[in-house]
Q: 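So that we are looking at the same thing, I have put the structure below in structure tokens.
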Amino acid sequence: MVIIWMRKIKKFTLELIKEKNLQFLESFSNSFSTMQVTVVLLKPSAVQRGILGEVITRFEKKGIQIVGMKMLCLTDEMVSEHYAHLAHKPFFGRIKESMQASPVVAMALKGVDVINVVRQLAGVTNGREAAPGTIRGDYSMSVQENIVHASDSPETAALELARFFSESEIFTYPHFLHPFTYANDEL
Ligand code: IDP
Ligand code: MG
């Protein structure tokens, strides 16, 4: 069942890559039996509160490989695309303002099942309800000012990688901790 589901996602992602001309993502999706790349945005709430280092450290300590990282100011177009699913909400204008209140830090993170792992590390959307130990649970008291964005599926991860990074900004390099992070049969 899981294998059929994975195959369907892979087929969908490969079609998306072809349709949108995102060939440079092909190597990620080909190898994504379980190895994935996800996108995290450290929002203005993280930048302004001076906790970038602490949040980044959490990903590193978990054993996740950073394969891209940069600071950028989100354009109107980027935010509108990124939060298109919330465009009809009354608070959409506020979210946009909040995401453009300062630069953000965009990260591309690689690991086995990393999309789900990072969503779990982030915690639920509302910082007041997020479990202690999660990023939002430990650093946020707000729904809107909730420190991080994390891709929620292989399809959105592929789109977000292309939205925030160019091909030359994503790196492939040996992760020397792999033998101590995963068992052979998990890679
Ligand atoms: P997620 O970030 O946990 O995936 P989404 O529902 O995709 O949550 O919402 C995207 C972002 O929009 C949230 O992280 C949060 O910053 C903001 N947001 C979502 N719902 C609300 C709301 O009800 N009020 C204010 N901001 C919201
Ligand atoms: Mg979301």
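Ligands are counted one by one from 1 in listed order, and the atoms in each one are counted from 1 as well.
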Q: Give me the residue, atom name and distance of the protein heavy atom closest to atom 3 (O) of ligand 1.
A: T125 OG1, 2.6 Å
Q: List every atom of ligand 1 that sits less than 4.0 Å from any heavy atom of N146, numbering the atoms from 1 in the order shown and giving each element.
A: 13 (C), 14 (O), 15 (C), 16 (O)
Q: Output yes when a side-chain donor or acceptor of E160 lies under 3.5 Å from a complementary backbone atom of H82, and no otherwise.
A: no
Q: Flag H149 as yes when one of its N or O atoms lies below 3.5 Å from any N or O atom of ligand 1, and as no otherwise.
A: no
Q: Should you measure from each heavy atom of R119, which atoms of ligand 1 turn up under 4.0 Å away?
A: 1 (P), 3 (O), 4 (O)
Q: Should E145 and K43 count as an ion pair when the cut-off is N to O under 4.0 Å?
A: no
Q: Taking R119 for its side chain and A150 for its backbone only, find out whether a donor-acceptor pair lies under 3.5 Å.
A: yes
Q: Under 3.5 Å, is there a donor-acceptor pair between the side chain of T181 and the main chain of L177?
A: yes
Q: Could you pull out, from V124, V143, T156, the option with a heavy atom nearest to atom 15 (C) of ligand 1?
A: V143
Q: Please determine whether any non-hydrogen atom of E145 lies less than 4.0 Å from an atom of ligand 1.
A: no
Q: Has the side chain of Q120 got a donor or acceptor atom that lies under 3.5 Å from a matching backbone atom of V117?
A: no
Q: Does the N or O separation between K43 and ligand 1 drop below 3.5 Å for any pair?
A: yes
Q: Considering non-hydrogen atoms of the protein only, which is the closest contact for atom 18 (N) of ligand 1, and what is the distance?
A: I95 CD1, 3.8 Å
Q: Under the 3.5 angstrom rule, does the side chain of E186 hit a backbone N or O of A183 as a donor-acceptor pair?
A: yes
Q: Report yes or no: does a heavy atom of D152 sit under 4.0 Å from some atom of ligand 1?
A: no
Q: Would you sort out whether Y182 and V112 count as a side-chain contact (heavy atoms from CB on, under 4.5 Å), showing the intermediate values?
A: CA-CA 9 Å; Y182 301 107; V112 173; 3.5 Å; yes
Q: Relative to atom 9 (O) of ligand 1, which among I147, V148, L86 owns the nearest non-hydrogen atom?
A: L86
Q: If we only consider heavy atoms of R136, is any one of them less than 4.0 Å away from an atom in ligand 1?
A: yes
Q: Give the atom numbers and elements of ligand 1 that come within less than 4.0 Å of a heavy atom of Y83.
A: 10 (C), 11 (C)
Q: Assess whether atom CE of M141 is packed by more than 12 heavy atoms of other residues, nucleotides or ligands within 6.0 Å.
A: no
Q: Does any N or O in the side chain of T38 come within less than 3.5 Å of the main-chain N or O of I115, such that one atom is a donor and the other an acceptor?
A: no
Q: So, 4.0 Å and heavy atoms of H85: is ligand 1 close enough to count as a contact?
A: yes
Q: Would you mind checking which non-hydrogen protein atom is closest to atom 25 (C) of ligand 1, with the distance to 0.1 Å?
A: F91 CD1, 3.7 Å
